[in-house]
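Have a look at the structure below, then the notes.
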Amino acid sequence: MGFSTELQGQGAHEVLLQRQDAELRLLDTMRRCLASKLKCDREFAQGMAGVAAQATKRDWNEELPDSTLAKAWCSFATGLSDLSREVREGAENLENKALQALKQLHESRRDARKTYHDEHLKIIQRLSSLSEAVQRKRNEYQKQLEVYKTTRSRFEEQYVNLRIFPLAGRTGPKLAEVMDKYQRACRRLHLIHNEYVLLLNEASNYEKDFRTSLLPGLLELQQDQQETTLTTLKKIMSEVVRFTNLSTEKFSEIYTRMNIGVREIKPKEEYQKFAENHKTIPKAQQKFLFDESLTEDSSGKLQPNVIAVDNLTLDWLKTKISELENDQKEVQGKLREKEEVLAKSKLQNGLLDPLRIEISAAETQAKQEIELLKCDDRQKGNQLSLIKNPLNEIGCEEIPPGCDLSLVQTESRSTITMTDTLSAVQTRHGRFQKLFKKPFSGGKKSHSVSQTTLTNISVPGSPRDSSRNSTFLEMTDPLQGVPGARGLGEQDWFHGVLPREEVVRLLKKEGDFLVRETMRNEERQIVLSVSWGNSHKHFIVQNSPDGMVRFEGPAFSSVPELVVYQLKSGLPVTARSQVILRNPVAKETWELNNDDVMLNEKIGRGNFGDVYKAKLRTSGQDVAVKTCRMTLPDEHRKKFLQEGRILKQYDHPNIVKLVGICVQKQPIMIVMELVPGGSLLVYLRNNANKLSCRQLMAMCKDASSGMKYLESKNCIHRDLAARNCLIGLENIVKISDFGMSREEEEYIVSDGMKQIPIKWTAPEALNYGKYTTLCDVWSYGVLAWEIFAKGGVPYNGMSNSQAREKIDGGYRMPAPEGTPPEMYQLMVRCWAEKPENRPKFDEIFRIVNQLFENHRQTAIM
Ligand code: ADP
């Protein structure tokens, strides 16, 4: 096996030649490339030596003492120099050893190829020339054979003639000539025969040699040579590789040294050390803290750092959320764009190499921008959660009011809450058994209001009383069309449109609850209010499209069923609030059903609506009913009920008495004792000629008695005037019109509301809005003046501002004709500029009472 046996054919010979040619080309390429590499290595070594020299031009260790980076750099620079030396040495070796050998080998291989080619040609040619010679000899042989045959024929012919005709004399020269030719031809033939034999022998032998030794020998030799060449090349290549190897021990030593330097770089420690060495006092942290004093006066409605979610801010919050969400979307879009651009630029610039990332200024800038966008994104997200969290927390809870429009601040809250007068008004916290009055009970109302006067009262104009036309008010069932409201109005714990402030006062113990109705975005909503923790939770009953109602749990067809389920199951109303219903709080006695009141004729017109004479359906008691126009905004309705709330706690003959409020449905109403004489002012004017001084004194006494009572209750009336007093049987004066046109410390000057009664109001209240009982004392002086002026107009002929100016200048009204001097004296005292110089109601009552008594006695005598 091998060239000698396998490659004898002509085709193989040609392939072998091609192979040798290719190998020669490869050798030539190797030679040239190695020469180039050599040049490169030399240049590299030279360049590197230059770099190393440059790197160590400055003494970094001296410039940056203790710097591990400087140390690492120096060992790296030394490494570079070593590297340069190693590469140069490698190049020398490459040239002296490998490259020289390669050159020689290339030459010898070229010669060998030629030899092979020539030798092969030679032996081939010999064989073919022998073959040709054999052919030629054979042809010659053939020709000679013809000649021989001819001469032999001629000779035989002559010879025969001689035998036949011996004496004819035909022998002689002709026979001899023929015989000679015959002999020569014969000789010639024999010679050619011999030559042919010899030639054949030679050719055969050569052919055999060619086949068995000459050609195989040549091929074998060729194989040997090629193998030897390859062996030599292998050695050369191995040398080349060795000199190209940058991972030799020496290089790896250099690398190790370089690496040790690098490993020694400890950024943290280095800069910690650096920082320690160059420690300075940092700038004080700038803190952005909520100024808590700002929320002090907000009655807990505003909390530091907490977003205020209430009816005042709800719309704003919603807008803010959508603004923030849009902004955030925009920011996130930009962020994605920047990140994509950055990723692309990394790919394009091949900057995925972490070593490069830090050094690309454009990339750093892009990253910074991304960071800023991320901050912005986070910022928006934070703000969104700051707003959304409290909003979500509210969930189905009712949005709390932002502004507490309950009674004025100067009145002590403790004295005006309804809950403090519970001795007067019995609460009826229904037991659980009584809780659920079945909707559609259809039969007689089982609602049991403990106050005997309050049963089976209907409103004229309502379907129950078709005898009267409702000309004054639209009586509508507010629950009509409200999902799930079936049977709700009949539940004791349904408090109708009772304002939230009242609701909060009724719910005291944890788990106390009631249901009420409210308006939100012009839509009626049923709200479950529960006392929980230290506050009150309000849950809006959720309506599903199929008319069912629910909180978070199962849906029911009516609110009563839903509430009973919540109570019985003991499950939290909402998972987040964990509020559990425990005790239904029934309507208080003063919460009447609208249907319990039968309105009769209109007897007056108030700020919020008309005033009617009415009858309680149950007891037949005559009452006066103040109605609140349904068109008035919610805020005004709340204010309207404030009068009821204040009056509810008072019980005095000279204070108009509250019977109850009707909040089950619209219109909400305040039911009061009917004071038959109506307005004191009108009465005074109408009866001016009939009224005696004693009667007038009695009126002043009544008014002072009522005011003394209010003073003892820390109540400031703020609108004391004859027009706001009522006159009853036996000329008894009753103070009325409580808290109607007041909001905290100021009167509201708006649609349908009273303006500040300048001529009745004390200067400090007008000038500084400062209301105290002593302001009421000033007003009492004016009231007394009105009484003695029998309904006269104070500061007559003066406008409000003129009067105010005059008063500020020290002017005081003169006494009306017939006013007892002591009484006028008292009036003047009431009008003392400084509040502290005015008498208190206690004293006023004493004086007026004394005067009245004196007067009575004088009158009697
Ligand atoms: P407002 O406080 O809304 O201004 P008022 O209390 O002044 O309403 O009442 C308006 C009018 O209705 C009074 O002037 C009076 O004539 C009449 N009125 C009010 N309350 C009663 C009452 N309890 N008994 C009789 N008449 C009343």
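Side-chain atoms are counted along with the backbone in the values below, which use heavy atoms only and exclude waters and symmetry mates. When a ligand or atom number is given, it counts from 1 through the structure's own listing order.
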Check: Given Arg804 and Asn767, is the side-chain hydrogen bond (donor to acceptor under 3.5 Å, both in side chains) satisfied, shown in steps?
Finding: CA-CA 10 Å; Arg804 194 172 167 181; Asn767 296 333; 2.9 Å; yes

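With 3.5 Å as the limit, one finds no donor-acceptor pair spanning the side chains of Thr627 and Asp610.
Residue-ligand proximity, Val656 to ligand 1, at heavy-atom distances under 4.0 Å covers atoms 23 (N). The contact set between ligand 1 and Met672, taken as ligand atoms under 4.0 Å from a residue heavy atom, comprises 20 (N), 23 (N). Here is the list of ligand 1 atoms found below 4.0 Å of a heavy atom in Ala624: 21 (C), 22 (C), 23 (N), 24 (N). For ligand 1, the atoms closer than 4.0 angstrom to any heavy atom of Val611 are 9 (O), 10 (C), 12 (O), 18 (N), 19 (C). Per-residue contacts place Gly604 under 4.0 angstrom from the following atoms of ligand 1 (heavy atoms of the residue considered): 11 (C), 12 (O). Counting the atoms of ligand 1 from 1 in the order shown, those under 4.0 Å from a heavy atom of Glu673 are 22 (C), 23 (N), 24 (N).
Polar contact check, Glu643 against ligand 1: no nitrogen or oxygen pair lies under 3.5 Å apart. Inclusion of Arg605 in the set of residues having an N or O under 3.5 Å from an N or O of ligand 1 is not warranted. At least one N or O atom of Asp737, backbone or side chain, sits closer than 3.5 Å to an N or O atom of ligand 1. In terms of N/O distances under 3.5 Å, ligand 1 is approached by Val675.
With sequence neighbours excluded, the residues that form a side-chain hydrogen bond (donor to acceptor under 3.5 Å, both in side chains) with Ser799 are Ser801, Gln802. Listed by chain and number, the residues in a side-chain hydrogen bond (donor to acceptor under 3.5 Å, both in side chains) with Lys657 are Asp651 (sequence neighbours excluded).
In this structure, Phe738 and Tyr650 have tilted ring planes: the angle between them lies in the 30° to 60° band. Ring-plane geometry between Trp831 and Tyr824 is classed as perpendicular, the angle between the planes exceeding 60 degrees on a 0 to 90 degree scale with a lower cut at 30.
Proximity of Ser679 to ligand 1, defined as any heavy-atom pair under 4.0 Å, is shared by backbone and side chain alike. Both the backbone and the side chain of Asn607 come within 4.0 Å of ligand 1, counting heavy atoms alone. Within the 4.0 Å heavy-atom criterion, both parts of Ile603, backbone and side chain, lie near ligand 1.
Rounding to the nearest 0.5 Å places CD1 of Ile661 at 7.5 Å from CD1 of Ile670.
The nearest non-hydrogen atom to atom 1 (P) of ligand 1, considering only Gly728, Cys725, Ser736, Gly606, comes from Gly606.
Salt bridge present: Arg838 and Glu764 bring a charged side-chain N and a carboxylate O closer than 4.0 Å. Of the charged side-chain nitrogens involved, none lies within less than 4.0 Å of a carboxylate oxygen, so that Arg723 and Glu786 do not count as a salt-bridged pair. A salt bridge between Arg829 and Glu843 is present, with a side-chain N of the basic residue lying under 4.0 Å from a carboxylate O of the acidic one.
The closest approach between a heavy atom of Lys626 and any atom of ligand 1 is below 4.0 Å.
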